[in-house]
Protein chains: 2
Amino acid sequence: MNDHASHILNTDSIEQKWSDGEREIVRATYRVMVEHGYSNLSISKIADELGKTKASVYYHYDSKEELLVSFLDFVVDWFKNDIAEEISESPETALSNLVESLIPLELDDETFHGQVVLLELRSQTRRSEEFRERFTEINDLLVGIVRDIIERGVETGAFRDVEAPRVAEHIVATANGARIDRVTTDRPAAPAAVRVSLSSYIDSELRQHD
Amino acid sequence: MNDHASHILNTDSIEQKWSDGEREIVRATYRVMVEHGYSNLSISKIADELGKTKASVYYHYDSKEELLVSFLDFVVDWFKNDIAEEISESPETALSNLVESLIPLELDDETFHGQVVLLELRSQTRRSEEFRERFTEINDLLVGIVRDIIERGVETGAFRDVEAPRVAEHIVATANGARIDRVTTDRPAAPAAVRVSLSSYIDSELRQHD
DNA sequence: GTCTATAAGGTGATAGAC
DNA sequence: GTCTATCACCTTATAGAC
C-alpha cells in the first residue's frame with residue numbers, strides 16, 4: 001500500500017464505471033485542489049484546468065455538490081484498489097508494512113497537499129450525509145484490513161489472543177492522528193515518535209514471543 | 001480538563017488582554033461557526049450575530065484573516081487555562097482522567113459542532129504560518145502535559161521507565177485520531193473501542209505491576 | 001464606535017446557439 | 001458536448017457621515 005494520497009486518481013487504478021468526461025473532470029478537480037486547496041476550489045478553476053468552460057462542466061454534473069461526491073467516490077475506489085496490495089504476507093510483516101505506509105517518515109509535496117485536501121473534505125461532514133458516508137466507508141475499510149491481519153495472526157499463533165476489533169481501532173486511530181498532526185503542525189519529530197511507539201506496542205502486546 | 005471545545009470562550013476563562021469589543025466579536029464568531037460551520041462564516045453573519053454592521057466589525061479588525069488568527073489565540077488561551085486543571089493527582093489517575101476526557105463516551109451537540117469547527121480551521125493550514133503556529137502550539141501543549149504526567153510517574157515509580165516523549169506522542173495521536181473519527185464518520189462504537197484499547201495499553205505498558 | 005452606501009470581484013448555476 | 005452571455009447573489013473591504 002502506498003501513502004494515502006500518493007498517485008491518487010491514476011488512470012489505471014480507476015474503474016470503468018465513469019465516463020471519460022467525468023473522469024477528466026474529477027482528475028482536474030483533484031489537481032486544482034492540490035494547488036489551491038479545497039476551500040478555494042471553484043467550477044471556474046476546474047474549467048480552466050480542463051481548458052474548457054464552466055458550462056461544459058455543468059453538462060456532466062448538475063451541481064458542485066454532485067461533483068464533490070463523485071470525487072469522493074473516486075477516492076473510495078482508489079482506496080479499495082490501493083489497500084488490497086501486499087497483504088498476502090505473514091501477519092507480522094503485513095502489519096508492520098501497513099504501519100510504515102500509514103505513517104511514512106517523509107512525504108513529498110504533492111502527497112502532503114493531497115492529505116490536506118482530504119482533511120479539508122473530511123471536515124465538511126456537515127455538508128451532507130453523502131460526504132459522511134464516504135469517510136465512514138474509508139475508515140471502515142482501513143479498520144477492516146487491520147482487523148483481518150490481526151485475526152489471521154491470532155489464528156496462526158503469531159499473535160496473542162487479543163481483541164482484534166479493538167486493537168484495530170486503536171492502531172488506525174493512532175495512525176490517523178499522526179497523519180493529521182503532520183500536515184497541520186510544525187512538529188517534524190512527532191510522526192516518527194508515534195511510529196516507534198506504535199511499533200513497540202504492537203511488538204510487545206500482539207506478538208507471541210517464544 | 002473538559003472536552004476539547006466545550007464551554008469554549010466562556011468569559012471567565014478568557015484573559016484580559018483583549019478589549020471588550022474584540023472579545024464580543026470573537027465570541028460571536030464562535031457562535032456563528034458552531035451554527036453554520038467555518039466554511040460558511042462571513043463578516044455579514046458575524047455582524048448580524050452581534051446586532052451590528054459589517055463596518056463595525058472592520059473597525060476592530062482590519063481583515064477576516066486577522067479576526068480568525070485572533071480567534072485562534074482565544075482558543076489557545078482557553079486551552080491553556082482548561083488543560084491546567086486536575087493534574088495535581090497521582091500520575092495514574094491523572095493519565096486515565098486525561099484519556100477519559102480526551103475520548104469522551106458522549107458529546108453534546110454544541111461540543112460536537114465545536115470540534116468540527118476546530119477541525120475545519122485546522123485543515124486551513126495552507127492559509128498562513130500564523131494558523132499553523134497556533135495548532136502547533138495546541139499539540140505541543142497537550143503532548144507536554146501527557147509527557148509530564150508520564151515522567152512524574154516514572155520518577156515516583158508508578159510507571160515503568162518508558163520513553164516519556166514517545167509514549168506521549170502516541171497517546172495524543174491516538175486520542176486525536178479517535179476524536180476526528182467520531183466527528184467525521186458514522187462509526188459510533190469506534191471511540192469507545194479506542195479508549196478501551198488505549199487504556200489497556202497504558203495499563204500493561206506503563207503501569208508498574210507488583 | 002457605529003452607521004449607510006458602495007465598490008469590485010468571485011460564485012454557482014442557467015439559457016440558448018452551434 | 002462545448003460555447004457565449006448572463007443572472008442573481010454573496011463576498012471582502014472601504015469612504016465618509018454622525
Side-chain angles (χ1 to χ4, degrees), chain A residues 11 16-74 117 120-121 123-124 126-131, chain B residues 11 16-72 117 120-121 123-124 126-131:
Chain A
T11 7
Q16 309 292 62
K17 55 180 157 181
W18 288 279
S19 73
D20 286 359
E22 288 169 332
R23 195 160 31 236
E24 283 306 303
I25 291 172
V26 169
R27 298 185 77 229
T29 301
Y30 180 65
R31 291 196 301 273
V32 172
M33 279 177 160
V34 165
E35 189 177 352
H36 302 282
Y38 155 77
S39 57
N40 294 118
L41 179 73
S42 71
I43 306 291
S44 314
K45 290 200 184 95
I46 295 169
D48 288 351
E49 176 73 28
L50 276 169
K52 304 196 172 155
T53 63
K54 286 191 292 177
S56 192
V57 173
Y58 278 106
Y59 171 80
H60 293 280
Y61 290 100
D62 287 342
S63 70
K64 187 183 183 183
E65 188 69 18
E66 192 185 294
L67 198 168
L68 287 172
V69 171
S70 183
F71 173 82
L72 286 184
D73 282 333
F74 272 75
V117 164
E120 284 187 271
L121 285 164
S123 76
Q124 298 306 306
R126 300 177 82 180
R127 181 181 290 278
S128 73
E129 267 306 308
E130 312 226 80
F131 259 60
Chain B
T11 7
Q16 310 292 61
K17 54 180 155 181
W18 288 280
S19 73
D20 286 359
E22 288 169 332
R23 195 161 30 236
E24 284 305 304
I25 291 172
V26 170
R27 298 186 75 231
T29 301
Y30 181 65
R31 291 195 301 272
V32 172
M33 280 177 159
V34 165
E35 189 177 352
H36 301 282
Y38 155 78
S39 56
N40 294 117
L41 180 73
S42 71
I43 306 291
S44 314
K45 290 200 184 96
I46 295 169
D48 289 350
E49 176 73 28
L50 276 169
K52 304 197 173 155
T53 64
K54 289 188 290 178
S56 192
V57 173
Y58 277 107
Y59 171 82
H60 293 279
Y61 290 100
D62 287 342
S63 69
K64 187 184 183 181
E65 187 70 19
E66 195 184 291
L67 198 168
L68 287 171
V69 171
S70 184
F71 173 82
L72 287 183
V117 164
E120 284 187 272
L121 285 164
S123 76
Q124 297 307 305
R126 300 177 84 179
R127 186 183 225 64
S128 73
E129 266 306 307
E130 312 225 80
F131 259 60

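FYI, side chains are in, hydrogens and waters are out, and symmetry mates aren't considered; it's all heavy atoms of this structure. So that the names make sense, note that chain A is the first sequence line, chain B the second, and so on, each numbered from 1. A quick note: this is a predicted structure, and the numbers were derived from the prediction, not measured.
In this structure, the side chain of A/E66 does not engage the main chain of A/S63 through any donor-acceptor pair within 3.5 Å. A donor-acceptor pair is defined here as one N or O able to donate and one able to accept, closer than 3.5 Å; no such pair exists between the side chain of A/R31 and the backbone of A/L50.
The distance from the CD atom of A/E120 to the OH atom of B/Y38 is 8.5 Å, given to the nearest 0.5 Å. Rounding to the nearest 0.5 Å gives a distance of 7.5 Å between OH of A/Y61 and OG1 of A/T29. Of the inter-residue distances, the one linking B/S70 atom OG with B/E22 atom CD reads 5.5 Å to the nearest 0.5 angstrom. Taking CZ of B/R127 as the reference point, atom CG of A/N40 lies at 7.5 Å (rounded to 0.5 Å). The structure places CD of A/E65 at 10.0 Å from CG of A/L67, a figure rounded to the nearest 0.5 Å.
At least one side-chain heavy atom of B/R23 sits less than 4.5 Å from a side-chain heavy atom of B/D20. Side-chain atoms of B/L68 and B/E130, non-hydrogen and from C-beta on, never get closer than 4.5 Å to each other.
Note that the first and last nucleotides of DNA chain D, 5' to 3', having any atom under 4.0 angstrom from a heavy atom of chain B are D/dT11 to D/dA15.
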Tabulate atom names and distances for all N/O pairs under 3.5 angstrom spanning the protein and nucleotides 11-14 of chain C.
{"residue": "C/dT11", "atom": "OP1", "partner": "A/S42", "partner atom": "OG", "Å": "3.2"}
{"residue": "C/dG12", "atom": "OP1", "partner": "A/K64", "partner atom": "NZ", "Å": "2.7"}
{"residue": "C/dG12", "atom": "OP2", "partner": "A/I43", "partner atom": "N", "Å": "3.0"}
{"residue": "C/dA13", "atom": "OP2", "partner": "A/Y58", "partner atom": "OH", "Å": "2.9"}
{"residue": "C/dA13", "atom": "OP2", "partner": "A/K64", "partner atom": "N", "Å": "2.8"}
{"residue": "C/dA13", "atom": "N6", "partner": "A/K54", "partner atom": "NZ", "Å": "2.7"}

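A side-chain donor from one of B/Q124 and A/S39 sits under 3.5 Å from a side-chain acceptor of the other.
The rotation axes computed at either terminus of the helix from C/dG1-D/dC18 to C/dC18-D/dG1 lie 0° apart, taking five pairs at each end and rounding to 10 degrees.
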